[in-house]
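Input: a single structure, listed below in structure tokens.
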Amino acid sequence: MEALLLTFLPKDAFEHGLLTMPRKLLIFTLIILGSAITNQTRAAENKRPNILFIYTDDQSYRTVSCYPGSYDFAQTPNIDALARQGIRFDAAYIGTWCMPSRAALLTGHLQHGVQSMRMEGQYPGSEYNPNQCPFWPSVFRANGYQTAQIGKWHTGRDNGFGRDWDYQMVWNRPRYPENAGAYYENQLIEENGKPARLVPGYSTDNYTNWAIDYIEGENRDAEKPWYLWLCYGAVHGPFTPAKRHLQALPDVNIPVPADIFPPRPGKPDWMQKIEHWIPDANGTPVMKGNGFTAQTVDTKGIHGNTLNDWVRQYHQGVIAIDEGVGRIMEALERSDQLENTLVVFTADQGIGWGQHGFRVKLAPYDATIRSPLIVSLPGQLPTGKTSKTPVSGVDLVPTFFQFADIELPWKMHGESLLPLLKQPHTRSNKTALTVMTGKKYGQDTEAIPTEREDLYINNVPWWVSLRDGHYKYIRTLVAGETEELYDLKRDPEELINLAHQKRYRLKVQQLRQDMIGELRQVDAKFVDNLPPVGTGY
């Protein structure tokens, strides 16, 4: 014991006479020194911020009332308040659909870089090898953080409890495909790796309650900083609002999107076949099939089947999320953790409501995939600011690591947003690369498939896009399809494909090469066999 304590002696112990002390006094002094070192270590850990990552499902930026482009009936006062406390990103591309978006947020890799992940068995069954596809929360655990995840789990049957997570309350959709459509009630919930139990109640409220319990100390080590990934299932189809909100927003009346029905001039051939909405006898858009159908959801509208009815129902589902954000922020303040908690609010991607004919995500247009993104850390980051720099979901992971003062454990596809967070109005050459490879991941994306079953998902083919501060370039990975170029300042609805205009030919060529260069930087093997494009000139 004495030998062990002697290892804590400072190098100048002889000069200060510690080794001339009586033995008992020396040991007592060393105990005090050891305790001080331990306390200093804990204090340093406690200075590292907690990280609260609020992650919603299919929630378009248009649903958040502080965003330009939101409908005038959108009501999100609590999310708006969070934006006033921090930085709102105007052009966030977090993912393309539920599973790859989450895989990217667990690995820091775009879909093509998520090795061993694969769809297997009844949808949404999926598997991965954690040795080939490590999730970064395990690194946070090894570096003094307590990690927790609450809500929707959609990335392999293995939820990583005990390896990646210290605490979990998760709805594991891949493990229980028979329960995978239960987005809003009667969910099978796994708690800390135990067999799932059926939990009643409205899921958005359940997740909020469990998150508040954790924030206020339940199931949490008070001596450690924490990372909590709160994954709401809302506002995914069937878009079920809480009963208390069923009468909300009675006057929804949205402008009918200009290209809700085909043809869509300038768009690729596959876009001419998107037909999720059809006109009724009065010309009013109604959902084709008289209801919303997806792989785990088949439901009729609560208010009716018109575009207005569905948009109203969808926005009603957002209200409980907003209430949850308000309650969670109150819990942070009540527990004196507000000023030391980095809060990030975003969604896995957006969803289209009539724009370009869609009622899903997946497609490369802002209307279908652009997410809200708000970051707040009062006292350490600016407040009430907006950044127009385009950012990607994979940028969030290195951002978390930089705030936690932990070195990146492997090469990641994004870059830390801390410089932008500190100076949101800084002019930047940063671009946002987005990759959609259907249901394929990792090495299974090295060769671009030619069979429709592998190349398309919900009638949307593989694609890559590159967004800078002004333009968006889109490359559909189908031979002979036209490239797309949109001026998002003049044409935010992405209706006019400039790639067809000769005066933009050089811009298209420049962005094409920029996209290829970025694909090489992130080790996308399929870049070497991109299919030829149709010029459209």
Side-chain angles (χ1 to χ4, degrees), residues 50-57 98-99 101-103 105-106 124 126 130 135-138 140-141 145-222 224-236 240 242 296 317 320-321 323-332 335 337 341 343-348:
N50 308 313
I51 301 174
L52 171 60
F53 187 21
I54 304 174
Y55 198 69
T56 65
D57 197 325
C98 303
M99 183 176 165
S101 182
R102 285 163 172 75
L105 268 299
L106 287 164
S126 51
F135 293 160
W136 64 262
S138 64
F140 265 42
R141 289 187 77 214
Y145 268 77
Q146 186 177 42
T147 60
Q149 197 235 331
I150 292 170
K152 177 181 175 180
W153 178 261
H154 191 55
T155 320
R157 293 179 179 88
D158 178 357
N159 62 26
F161 174 73
R163 180 187 64 240
D164 305 315
W165 308 101
D166 294 291
Y167 175 69
Q168 275 188 317
M169 289 286 285
V170 293
W171 177 44
N172 189 333
R173 298 182 72 237
R175 198 191 302 276
Y176 307 104
E178 71 281 358
N179 190 242
Y183 266 86
Y184 295 96
E185 55 188 1
N186 296 322
Q187 293 185 331
L188 287 171
I189 298 294
E190 294 178 340
E191 180 178 3
N192 292 343
K194 299 173 186 175
R197 58 186 174 89
L198 196 66
V199 176
Y202 189 64
S203 65
T204 303
D205 294 342
N206 287 343
Y207 299 171
T208 297
N209 293 337
W210 297 334
I212 290 172
D213 289 343
Y214 182 81
I215 288 168
E216 294 188 335
E218 192 172 316
N219 303 299
R220 184 167 65 77
D221 185 343
K224 291 184 177 181
W226 49 266
Y227 169 73
L228 170 59
W229 194 22
L230 172 58
C231 296
Y232 286 110
V235 65
H236 190 286
T240 306
T296 59
I321 296 175
E323 291 175 347
V325 170
R327 293 180 57 213
I328 287 167
M329 296 305 292
E330 288 174 358
L332 285 174
S335 59
Q337 298 179 91
T341 301
V343 180
V344 177
F345 175 90
T346 192
D348 53 5

Enter the distance from [X]:[atom1] to [Y]:[atom2] here, rounded to the nearest 0.5 Å.
| X | Y | atom1 | atom2 | value |
| --- | --- | --- | --- | --- |
| Trp226 | Gln337 | CH2 | CD | 5.5 Å |
| Arg327 | Leu332 | CZ | CG | 12.5 Å |
| Met169 | Lys194 | CE | NZ | 9.5 Å |

Discussion item. If we check salt bridge (charged side-chain N to carboxylate O under 4.0 Å, His left out) with Asp166, which of these qualifies: Arg141, Arg220, Lys224?
Written reply: Arg141

Worksheet item: Side chains of Asp221 and Gln146: do they bring a donor and an acceptor to under 3.5 Å?
Response: no

Worksheet entry | CA sep, side-chain torsions, deciding dist, call: Thr56, Phe345, side chain to side chain contact (heavy atoms under 4.5 Å, CB included) | CA-CA 8 Å; Thr56 65; Phe345 175 90; 3.9 Å; yes

Report yes if the side chains of [X] and [Y] come closer than 4.5 Å at any heavy-atom pair, otherwise no.
| X | Y | value |
| --- | --- | --- |
| Asn219 | Asp213 | no |
| Val343 | Ile328 | no |
| Asn159 | Trp165 | no |
| Cys231 | Ile150 | no |
| Glu218 | Tyr167 | no |
| Glu178 | Leu188 | yes |
| Arg173 | Tyr183 | yes |
| Val344 | Tyr55 | no |

Can you name the closest pair of heavy atoms from [X] and [Y] and give their distance?
| X | Y | result |
| --- | --- | --- |
| Arg175 | Arg157 | NH2-O, 2.8 Å |
| Asn172 | Gly156 | OD1-O, 4.0 Å |
| Pro174 | Thr155 | CG-N, 4.1 Å |
| Thr296 | Pro124 | CG2-CD, 4.3 Å |

Any donor-acceptor pair under 3.5 Å from [X] side chain to [Y] backbone:
| X | Y | result |
| --- | --- | --- |
| Asp205 | Ala320 | no |
| Tyr202 | Ala242 | yes |
| Asn179 | Asn186 | yes |
| Asn206 | Tyr184 | no |
| Gln187 | Ala182 | yes |
| Arg163 | Ser138 | no |

Fill in: Phe161 ring center near Trp153 ring center (under 6.0 Å)
no

Worksheet item: Does the ring centre of Trp171 sit less than 6.0 Å away from the ring centre of Tyr176?
Response: no

Discussion item. Let's go through Thr147 and Trp229 carefully: what are the C-alpha distance in whole Å and the side-chain angles of both, what is the deciding distance for side chain to side chain contact (heavy atoms under 4.5 Å, CB included) to 0.1 Å, and is it a yes or a no?
Written reply: CA-CA 8 Å; Thr147 60; Trp229 194 22; over 6 Å; no

Discussion item. So, applying side-chain contact (heavy atoms from CB on, under 4.5 Å) with Trp210, which one of Val199, Leu228, Ile215 is it?
Written reply: Val199

Worksheet entry | Reference residue Tyr227; test ring pair (Phe, Tyr, Trp, His ring centres under 6.0 Å); the match among Tyr145, Phe135, Tyr214, Trp136 | Trp136

Discussion item. Tell me which one of Asp348, Thr204, Asp57, Thr208 satisfies side-chain hydrogen bond (donor to acceptor under 3.5 Å, both in side chains) with Tyr232.
Written reply: Thr208

Worksheet item: Going through the checks in order, is the side chain to side chain contact (heavy atoms under 4.5 Å, CB included) test met by Ile51 and Phe140?
Response: CA-CA 11 Å; Ile51 301 174; Phe140 265 42; 3.8 Å; yes

